[in-house]
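Everything below concerns the one structure shown next.
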Amino acid sequence: MSTGLIRVYLTVHTPRYCTHEAAFAGKLAHPDFKTVRDGLLEQGRDVAAAQPDVLVVNSCHLVTTFPTVVDGTPRHQGVLTAQEAPELIHGVAYDFPGDYPLAAALVDRGRAAGLMCTLADDVHYPLDYGTVMPVVCYLDPAQRVPVVPVSVCLMADLDEAFAWGRIVAQAARDLGRRAAFAASGSVSHRLVRGPATWPTAEAQALDHRLARMLADGDYGRAWAWLPEYAAAAEPEMGGRHLAMMLGALLETGARFEATVHAYGPSSGSGNYVISLAAPGA
Ligand SMILES: [Fe+2]
């Protein structure tokens, strides 16, 4: 069984998708949300089938200013109410394992590469809804897979985020982990008030072009195009999560098999659900 990066996920955390089926059924009423919701359920089935040793999550809502923070807490426990959506995400208990050795290895490698970074090891380190909700609602509802949250850093440019993606793939390989990486964020992200509002036709076309490159294994082309895409489509957090994802993919040197589960709107943003499986994994 191969080790290293076995899965890469582009996933979604917008509050209207991140609600428990029974408790919040009425709040997902708009039919345009159904496609992405179903895609996230499929993505969770892929995680269950792949059974990764660890899931590294780069959430656009785990935001740091100066260093990239890697959370190596051995057990992530807490109760989450989302600051900006307390009516949708409230009182969500989470309790899933971490992977301290992998997190420490990420920080060691980041420092060796001259990247500013900090290792957290603190049960009180708060997790954001972009990390917690995809994990507990869709990717691993049983909360058995160890999770290593990695922040999006405001002072990091796309190159630095890309370097972190490479480090994730390197460390997973060198530590013998069957690792999955999840980029938790929207693609185009020009927000408006109005939950069911779609991105403009122009932004949708840009999103579809990016997804096509991922599906075709054109990671190098996608990385070369990312600055232009980021300027035109204004992806969430400047596209840093996408840069990290592309760094991880390109570091493996492999062409992953893509499953494009869904694309849908949330308040003017575009949201792709895509699973990428390493060959033979
Ligand atoms: Fe977001």
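Whatever order the structure lists ligands and atoms in, that order sets their numbers, starting from 1. Remember, predicted model here, so these are calculated numbers, not experimental data.
- With Thr68 as the fixed residue, the side-chain contact (heavy atoms from CB on, under 4.5 Å) test singles out one of Val152, Leu115, Val150: Val150.
- For the Fe ion (ligand 1), the tally of protein N/O/S atoms lying closer than 2.8 Å stands at 3.
- The residues Asp174 and Arg109 are annotated as salt-bridged, a charged nitrogen and a carboxylate oxygen being separated by less than 4.0 angstrom.
- No side-chain donor from either of His261 and Gln43 sits under 3.5 Å from a side-chain acceptor of the other.
- Checked against a 6.0 Å centroid threshold, the rings of His61 and Tyr129 count as neighbours.
- Below 30°, between 30° and 60°, or above 60°: for Tyr263 and Tyr272 the angle between ring planes is between 30° and 60°, a tilted geometry.
- Ring geometry for His76 against Phe96 counts as tilted: the plane angle lies between 30° and 60°, on a 0 to 90° scale.
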